[in-house]
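Report on the structure given below.
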2 protein chains.
Amino acid sequence: MARTPAPDTRDRILGAAARLFYEHGVRAVGMNRIIQEAGTGKNLLYQHFPEKADLVAAYLAVARDVRDSAARLALVDARTPADTLVALVAEVAAKVAEPGFRGCAFRNYLAEFPDDADAAPTRVARDYLGASRAAIDAAAGEVDPSGELAERVWLLVDGLYSQAAYRNRLDGDVARAGAAAVRLVEALVR
Amino acid sequence: MARTPAPDTRDRILGAAARLFYEHGVRAVGMNRIIQEAGTGKNLLYQHFPEKADLVAAYLAVARDVRDSAARLALVDARTPADTLVALVAEVAAKVAEPGFRGCAFRNYLAEFPDDADAAPTRVARDYLGASRAAIDAAAGEVDPSGELAERVWLLVDGLYSQAAYRNRLDGDVARAGAAAVRLVEALVR
DNA sequence: ACCCTAGCGGACCGCCCGGTCCGCTTGCCC
DNA sequence: GGGCAAGCGGACCGGGCGGTCCGCTAGGGT
């Protein structure tokens, strides 16, 4: 026996990787940079994540859990389906207005990797988007069974995420879009 | 003197590059693959486009011209600002429903390259999105000077492009979103 | 206190990237 | 028709990628 392994190594690696992947894109960030930022060796990285794809999948899984928690928190006071839809859009609107927000991690990943449809990270992203979509469909279906409201709300959410990914580099006023989306969904559910 | 240069070389290269960049993403496509697909040599490629960034900028410039033509065509029958907004959204809705449509080339590029804000392709993409935005602002401003309508229409357009980029890999029914967007913008401008 | 092993940083490998350049080929000029 | 220079395909280069492995080091067991 010898040294006991550092217990937080995995978290340090995953934290550094998540920040870099989100900020610069997955392909733009090499493994060398990740271990440098995490202050560890490559051996440790590949011990926890055998391939880059595993690390990317773990990054997206963390992002999914964070999003799920935020969504649950935003919905604690929602009593009606209409409240639920407004709260969901308002939560996204608040997120996109935060400084440093660079769009939805899952949509960004799928845009960066249109191929390899069977890779682990792609599955995580697809599953998350499918589940989000199902949640909106369920709430909207109670207000408007035709499904038209669900499509509309989904368009607003996607529009917000899309603008967050690039509008900072245009006029930088994503908060305006967020406010407009909230007002519109409030009008739509009544 | 010797051989006369092939006149369509530049177009063949640019055509192959545009298709590959759009289909697989810019970073995923190497120069070797482009010359292979174009059936030419590297010398010719670098003669017309000294760096990869120049080729990417040219690809986006072509995409911009195509989009501008399509938008002009869609607007020939629009008599009022309200008509204009509906026609613009309908045009995008038709585009996203086409098979093989993989989202907006400019938004995809910016998602893939969040850094190097001063690179030539980034400028092309940013300028195009700024001009589109200005066009929508102008038309919407005549109906609703507060700017709220412009934000709403912009959200719908962005939502459509965003869904087109990934929804084919979910339920594949982007046409539904397109139809919903058109109906919503019709309701909004009245 | 000393050994011995597990922990670990970082050198290293093959591959493919963007970009350069060599030398075969082709067809115009006389 | 032959020579020769421009056209052109593809071999080549340095560098950085993802992934492997070597050898120093630290610290628990006796």
Side-chain angles (χ1 to χ4, degrees), chain A residues 1-21 23-60 109 112-116 118-122, chain B residues 1-21 23-60 109 112-116 118-122:
Chain A
M1 317 307 160
R3 285 197 273 187
T4 62
D8 61 340
T9 302
R10 197 190 130 100
D11 288 346
R12 282 211 330 280
I13 293 171
L14 190 48
R19 193 174 52 75
L20 291 170
F21 284 156
E23 203 163 328
H24 305 286
V26 171
R27 265 205 164 96
V29 175
M31 299 304 247
N32 287 310
R33 184 156 175 206
I34 292 171
I35 56 162
Q36 187 180 334
E37 208 94 355
T40 180
K42 267 200 180 177
N43 208 350
L44 284 265
L45 196 167
Y46 280 93
Q47 191 169 310
H48 290 287
F49 307 98
E51 307 180 18
K52 188 178 185 181
D54 297 319
L55 182 55
V56 176
Y59 146 60
L60 290 179
Y109 174 82
E112 202 175 350
F113 295 86
D115 305 326
D116 44 73
D118 296 335
T122 306
Chain B
M1 316 312 155
R3 285 197 274 189
T4 62
D8 61 339
T9 303
R10 198 190 129 100
D11 288 346
R12 284 210 329 280
I13 293 171
L14 190 48
R19 194 174 51 76
L20 291 170
F21 284 157
E23 203 164 328
H24 305 287
V26 172
R27 263 204 166 96
V29 175
M31 298 303 246
N32 286 310
R33 186 156 172 205
I34 291 170
I35 57 162
Q36 187 180 335
E37 208 93 356
T40 181
K42 266 198 181 178
N43 209 350
L44 284 264
L45 196 166
Y46 280 93
Q47 192 168 310
H48 291 286
F49 308 97
E51 306 182 18
K52 188 178 186 181
D54 298 317
L55 183 55
V56 177
Y59 147 60
L60 290 180
Y109 173 82
E112 203 176 348
F113 294 86
D115 305 327
D116 43 74
D118 296 335
T122 307

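By convention in this document, chain letters (A, B, ...) are assigned in the order of the sequence lines, proteins followed by strands, and residues within each chain are numbered from 1.
Residue A:E37 contributes atom CD, which lies 17 Å from atom C1' of C:dG9 at whole-angstrom precision. When the P atom of C:dT20 is taken as reference, atom NZ of B:K52 falls 15 Å away, rounded to whole Å. As a whole-Å value, the separation of B:I34 CD1 from D:dG10 C1' is 16 Å. Taking atom CD of residue A:E51 and atom C1' of nucleotide D:dT20, one finds them 13 Å apart after rounding to whole Å. Atom CE in A:M31 sits roughly 18 Å away from atom P in C:dA11 (whole-Å rounding). Spacing between atom CD1 of B:I35 and atom P of D:dC8 amounts to 14 Å, rounded to whole angstrom units. The separation between B:L45 atom CG and C:dC17 atom C1' is 14 Å, rounded to whole Å. With rounding to whole Å, B:R33 atom CZ is found 10 Å from C:dC17 atom P.
Within 4.0 Å of A:K42, counting heavy atoms only, lies at least one base atom of the nucleic acid. Residue B:Q47 is out of contact with every strand shown, counting any heavy-atom pair closer than 4.0 Å.
Candidate nucleotides D:dG9, C:dC8, C:dG18 were compared by shortest atom distance to the side chain of B:T40, and D:dG9 ranks first. With distances taken from any side-chain atom of B:Y46 to the nucleotides C:dC8, D:dC8, C:dG18, the minimum falls on C:dG18. For A:N32, the side-chain atoms get nearest to D:dC17 when compared with the rest of C:dC17, D:dG9, D:dC17.
What you find for A:I34 and A:A16 is that their closest heavy atoms are O-CB, 4.3 Å. The two residues A:H24 and B:D115 have their closest heavy-atom pair at ND1-OD2, 2.7 Å.
The main-chain N or O of B:F113 is never found under 3.5 Å from a side-chain atom of B:T122 such that the two would form a donor-acceptor pair. One N or O on the side chain of B:E112 and one on the backbone of B:V26 form a donor-acceptor pair closer than 3.5 Å.
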Practice item. Please test A:K42 against A:N32 for side chain to side chain contact (heavy atoms under 4.5 Å, CB included), starting from the C-alpha separation and ending with a verdict. Key: CA-CA 8 Å; A:K42 267 200 180 177; A:N32 287 310; 3.0 Å; yes

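Residue whose closest nucleotide on DNA chain D sits further toward the 5' end, between A:V26 and B:N43: B:N43.
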